[in-house]
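Numbered from 1 within each chain, the chains take letters A, B, ... in sequence-line order.
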2 protein chains.
Amino acid sequence: MADKTTRERIVAEADRLFYERGFELTSFSDIADAVGISRGNFYYHFKSKDEILDAVIGKRMMSTSGMLEEWESQSDSPSERIKDFIRIVVTNRAQIIRHGCPVGTLCSELAKIGHPAQPQSNQLFVLFRTWLCHQFVLLGHETDADSLAMHVLAFSQGIALLAQAFQDERFIRREAERMCAWLDGLADEVRV
Amino acid sequence: MADKTTRERIVAEADRLFYERGFELTSFSDIADAVGISRGNFYYHFKSKDEILDAVIGKRMMSTSGMLEEWESQSDSPSERIKDFIRIVVTNRAQIIRHGCPVGTLCSELAKIGHPAQPQSNQLFVLFRTWLCHQFVLLGHETDADSLAMHVLAFSQGIALLAQAFQDERFIRREAERMCAWLDGLADEVRV
DNA sequence: GTCTATACTGAGATAGAC
DNA sequence: GTCTATCTCAGTATAGAC
């Protein structure tokens, strides 16, 4: 963190604050304070708040791509890879209960306020959707791979939203297991 | 609308605007303009913006209770009643694609900004949760009724969130059908 | 009850010194 | 590159006339 450029530090803190407080309610002062620079200095690096949002989304796109590639290379079966995805909600349960899903809450907020960066934030969903779709094709579900990918994605979003509302960790675990069991049933279908 | 009191008109317009634009981004001016009164007049009826939010949530609680009671009296089987719930996402698809789920987006926003009215908005979820739980008990799933209720609730939230992001009406229909089929499978389990 | 006028605050953004 | 000072605007909220 210490040897990062100021720009990188701004993006990192904005990334965190946009997740924790939401985009609208994070002010320049909030980010400036977190980074430890003055508000004025800000505009040397970014022309507007929207430009910071673009950078934050870009950063999230990069890290998400990296994570998906890692799953692709580490797990050997597509069904294990899909489970890697399902298990994020369990792994990140503490943060999800506090602040929701980083992707879902951002897309939801930008959609509601009609923000111009909406299509870009949706690309984060597209990243997961495409990857999951690919895994389902490998599983032998060529015809409805995309539909299944959307199903898994919807599920994870529903879990995250309700887990936050009810502050319920056990609910996350229970639903993740249910989803994994459903996936196993799906894999059996193909074998038969 | 014409013969409603000013207070009722304020709550009605605030209800609509909070749904369409979100709570934070709806200003007093927005509501005042929509109602057709001056901003000053506002404070005769409500002391603050938070007080309007309380009134809006109260109104939604009333109308939701009414809807659930209606389903309870009209459909004869619990499984048909749960399907009534599942079908809301299809019935309200146009609005959901534009603005998301009224309950989910409000709870999500209030949770993110740490608003004091968060527990009250969550009561809207509790209303559905309790009602669904009751239906699953009637279906013969006494032991895991609440878990199933949360499952259905999570599903509807996931559908609403992704439908808004991807602006996809067919996805809503497809997932609602999938959920109904799952429910039929569940009812068969009990019969056997 | 409803209005106009206005106070006060914090937001995003700019200018210019260092 | 970073700072301070400042501008502008929109938001919530209040005071007081009608």
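Taking 4.0 Å as the cut-off between side-chain N and carboxylate O, A:Arg178 and A:Glu175 count as a salt-bridged pair. Electrostatic pairing of A:Asp54 and A:Lys49 does not count as a salt bridge here, judged by no charged N lying under 4.0 Å from a carboxylate O. Salt-bridge formation is detected for the pair B:Glu20/B:Arg16: a Lys NZ or Arg NE/NH1/NH2 atom is positioned less than 4.0 Å from an Asp or Glu carboxylate oxygen.
Residue pairs meeting the side-chain hydrogen bond (donor to acceptor under 3.5 Å, both in side chains) criterion with at least one member in residues 92-108 of chain B, sequence neighbours excluded: A:Lys112-B:Thr105, B:Arg93-B:Glu169. Screening residues 158-179 of chain A for ring-ring contact (aromatic ring centres under 6.0 Å, His included), with sequence neighbours left out, gives no hits.
Residues meeting the ring pair (Phe, Tyr, Trp, His ring centres under 6.0 Å) test with A:Tyr44, sequence neighbours left out: none.
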Going by atom type alone, with no hydrogens or angles, which donor-acceptor pairs under 3.5 Å involve a side-chain atom of residues 128-137 of chain B and a protein atom two or more places apart or on another chain?
{"from": "B:Arg129", "atom 1": "NE", "to": "B:Asp146", "atom 2": "OD1", "distance (Å)": "2.9"}
{"from": "B:Arg129", "atom 1": "NH2", "to": "B:Asp146", "atom 2": "OD2", "distance (Å)": "2.8"}
{"from": "B:Thr130", "atom 1": "OG1", "to": "B:Val126", "atom 2": "O", "distance (Å)": "2.7"}
{"from": "B:Trp131", "atom 1": "NE1", "to": "B:Leu68", "atom 2": "O", "distance (Å)": "3.3"}
{"from": "B:Trp131", "atom 1": "NE1", "to": "B:Glu72", "atom 2": "OE1", "distance (Å)": "3.1"}
{"from": "B:Gln135", "atom 1": "OE1", "to": "B:Arg81", "atom 2": "NH1", "distance (Å)": "2.9"}
{"from": "B:Gln135", "atom 1": "NE2", "to": "B:Glu72", "atom 2": "OE1", "distance (Å)": "2.9"}

Atom pairs, N/O to N/O, protein against nucleotides 9-12 of chain C, distance under 3.5 Å?
{"from": "C:dG12", "atom 1": "OP1", "to": "A:Lys49", "atom 2": "NZ", "distance (Å)": "3.2"}
{"from": "C:dG12", "atom 1": "OP2", "to": "A:Phe28", "atom 2": "N", "distance (Å)": "2.8"}

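A nucleotide of DNA chain D counts as in contact with chain A when one of its atoms lies under 4.0 Å from a heavy atom; the first and last such, 5' to 3', are D:dG1 to D:dT4.
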